[in-house]
A.B. asks: 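One structure is given below, represented as structure tokens, and several questions about it will come after.
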2 protein chains.
Amino acid sequence: MAMRIGELAERAGTSVKTIRYYDRIGVLRPAERSESGYRLYGVDALDRYRFVRAAQAVGLRLGEIREIIALRDGGETPCGFVVDLIGRRAAELDARIAELVALRDELRSLDRRARRLDPRRCDPRLVCHVIDGGA
Amino acid sequence: MAMRIGELAERAGTSVKTIRYYDRIGVLRPAERSESGYRLYGVDALDRYRFVRAAQAVGLRLGEIREIIALRDGGETPCGFVVDLIGRRAAELDARIAELVALRDELRSLDRRARRLDPRRCDPRLVCHVIDGGA
DNA sequence: CTAAAGCCTCCCCTGTAGGGGAGAGTCAAG
DNA sequence: CTTGACTCTCCCCTACAGGGGAGGCTTTAG
């Protein structure tokens, strides 16, 4: 019935190190320990593992995932919390995307400008005229 | 003529720690050292500093900036290298932006789905039905 | 001369999600 | 009984750009 860490890792398609790490940070604790101290997991551990991965895949961090799980284990329905988290993360992503788009556009325009500049007229003092320090 | 590190940092509007760090990694070396070991910088150090910041601002990492500066100090015109770097960074950004947009879209659709789900029908085994581990 | 301010090197710390490996105990098969 | 596979804890390492602070010189102003 109970799996040891190696079997869980293999069934989950991950590494023993990762499972131990998940135990340590509290997202996936073993059901119990054997007398000799081995971690023993029930079959539900596999579902937990999949949940953790799915949550990671939508951009949640392990610390946040731990909070969700703690709510659930505390008897609460974490859905409201999760929806909040997802909303905030989406907003953060919007902001981040805007930054990256602006940066990319600047790089593209730098690129176009660079093609019109003559490398021989590059002032050594300024390292490279493609990138302008505003001096 | 020569500035010490504190004056340079102040004129550049940055911290002494940062200037020391730039020395350590080779992007901004002092012109010389005083007898007592103090870093002494020429006025051109300010231009160098501004270049480094400008390059950082367009997404180049200090390691890459160091390479650009090494080329320049080796007597070469780094423009070609810089153009390459910029092109590659722009392509990386495109890829990264696409990832983030996909992630954000998934979050948004998760968000919409969550609003239609009933929290009371959330299976505790799966932690939260908003995020589906595919079990 | 003395005190304050500035400077030096060296070392540890941050966040993220683990990876690598040492040294030691445990379990199953031959 | 032994060997090999498995497991345990503990500690250091990664990227990135510095920040914080200790302990000890040096310089400058009063």
Side-chain angles (χ1 to χ4, degrees), chain A residues 2-41 45 48-49 51-69 85 89 92-93 96 99-100 103, chain B residues 2-41 45 48-49 51-69 85 89 92-93 96 99-100 103:
Chain A
M3 296 180 268
R4 291 193 308 203
I5 196 169
E7 188 182 345
L8 174 58
E10 193 174 359
R11 287 223 249 172
T14 187
S15 72
V16 166
K17 277 282 187 185
T18 297
I19 303 289
R20 267 198 211 107
Y21 181 62
Y22 285 4
D23 178 15
R24 209 157 63 78
I25 66 172
V27 295
L28 181 54
R29 301 225 190 255
E32 55 173 339
R33 292 277 188 147
S34 76
E35 266 185 44
S36 52
Y38 285 15
R39 289 170 181 84
L40 298 178
Y41 295 89
R48 269 292 167 91
Y49 176 79
F51 173 77
V52 173
R53 283 303 184 178
Q56 274 190 302
V58 296
L60 300 188
R61 276 161 287 190
L62 290 174
E64 294 162 341
I65 297 169
R66 177 184 43 208
E67 291 187 75
I68 297 171
I69 289 176
L85 215 46
R89 188 57 26 91
E92 284 169 28
L93 275 179
R96 183 80 183 127
E99 275 178 32
L100 294 188
L103 189 54
Chain B
M3 298 180 267
R4 292 193 309 201
I5 196 169
E7 188 182 345
L8 175 58
E10 193 175 359
R11 287 224 249 172
T14 187
S15 72
V16 166
K17 277 281 188 186
T18 296
I19 303 289
R20 268 199 208 107
Y21 180 62
Y22 285 4
D23 178 14
R24 210 156 60 78
I25 65 172
V27 296
L28 182 53
R29 303 247 149 133
E32 55 174 338
R33 294 275 189 146
S34 76
E35 264 183 47
S36 52
Y38 285 17
R39 290 171 180 84
L40 298 177
Y41 295 88
R48 269 293 166 92
Y49 175 80
F51 173 78
V52 172
R53 284 301 183 179
Q56 275 190 300
V58 296
L60 300 188
R61 276 161 287 189
L62 290 174
E64 295 163 340
I65 297 170
R66 178 184 42 209
E67 292 187 73
I68 297 170
I69 289 176
L85 216 47
R89 188 57 27 91
E92 284 169 27
L93 274 180
R96 182 82 183 125
E99 276 177 31
L100 294 188
L103 189 55

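All heavy atoms count here, side chains included; hydrogens, waters and symmetry mates do not. The chains referred to below are lettered A, B, ... by the order of the sequence lines, with proteins before strands, and numbering in each begins at 1.
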A.B. asks: From the options D/dT7, C/dC8, D/dC16, select the nucleotide whose nearest atom is closest to the side chain of B/Arg61.
C.D. replies: D/dC16
A.B. asks: Whether A/Glu99 and A/Arg96 form a salt bridge (side-chain N of Lys/Arg under 4.0 Å from carboxylate O of Asp/Glu) is what I want to check.
C.D. replies: yes
A.B. asks: Tell me: NZ of A/Lys17 to P of D/dT7, nearest whole Å?
C.D. replies: 13 Å
A.B. asks: Report yes if some heavy atom in the side chain of B/Arg89 is under 4.5 Å from a heavy atom in the side chain of B/Arg61; otherwise report no.
C.D. replies: yes
A.B. asks: Answer yes or no: does a side-chain N or O of B/Thr18 lie under 4.0 Å from OP1 or OP2 of D/dG19?
C.D. replies: yes
A.B. asks: Using whole Å, report how far OH of B/Tyr21 lies from C1' of D/dC16.
C.D. replies: 6 Å
A.B. asks: Under 3.5 Å, is there any donor-acceptor pair linking the side chain of A/Tyr22 to the base of C/dG18?
C.D. replies: no
A.B. asks: Separation of A/Tyr49 atom OH from C/dA17 atom C1', in whole Å?
C.D. replies: 12 Å
A.B. asks: Are any of B/Arg39's side-chain N or O atoms less than 4.0 Å away from OP1 or OP2 of C/dC8?
C.D. replies: yes
A.B. asks: Would you mind telling me which of C/dC8, C/dG19, C/dA17 lies closest to the side-chain atoms of B/Arg20?
C.D. replies: C/dC8
A.B. asks: Just checking A/Arg66: base, sugar-phosphate only, or nothing, at a heavy-atom cut-off of under 4.0 Å?
C.D. replies: nothing
A.B. asks: Can you tell me if the side-chain N/O atoms of B/Ser36 get under 4.0 Å from OP1 or OP2 in D/dT27?
C.D. replies: yes
A.B. asks: Write down the distance between CD (A/Glu7) and P (D/dA5), rounded to a whole number of angstrom.
C.D. replies: 18 Å
A.B. asks: For the pair made of OH in A/Tyr38 and P in D/dC8, what is the distance, rounded to whole Å?
C.D. replies: 7 Å
A.B. asks: Mind checking whether A/Ile69 and A/Arg48 have side chains closer than 4.5 Å, heavy atoms only?
C.D. replies: yes
A.B. asks: Using atom CZ of B/Arg24 as one end and atom P of D/dC16 as the other, report the distance to the nearest whole Å.
C.D. replies: 14 Å
A.B. asks: Before accepting this row, confirm whether a basic side-chain N of the pair A/Arg4/A/Glu7 lies closer than 4.0 Å to the acidic partner's carboxylate O.
C.D. replies: no
A.B. asks: Would one find a side-chain N or O of B/Arg33 under 4.0 angstrom from OP1 or OP2 of C/dT9?
C.D. replies: yes
A.B. asks: Contact class for B/Ser15 (heavy atom, under 4.0 Å): base, sugar-phosphate, or nothing?
C.D. replies: sugar-phosphate
A.B. asks: Under 4.0 Å between any heavy atoms, over every strand shown, what does A/Ile5 touch: base, sugar-phosphate, or nothing? Just pick one.
C.D. replies: sugar-phosphate
A.B. asks: B/Asp23 CG to D/dA17 P: how many Å, rounded?
C.D. replies: 16 Å
A.B. asks: Start at the 5' end of DNA chain D and walk down; is the nucleotide closest to B/Leu60 or to B/Glu35 reached first?
C.D. replies: B/Leu60
A.B. asks: Taking CD in B/Glu92 as the centre, count heavy atoms belonging to other residues, nucleotides or ligands within less than 6.0 Å. Is the count above 12?
C.D. replies: yes
A.B. asks: Taking atom C1' of D/dT26 as reference, at what distance in whole Å does atom CZ of B/Arg4 sit?
C.D. replies: 8 Å
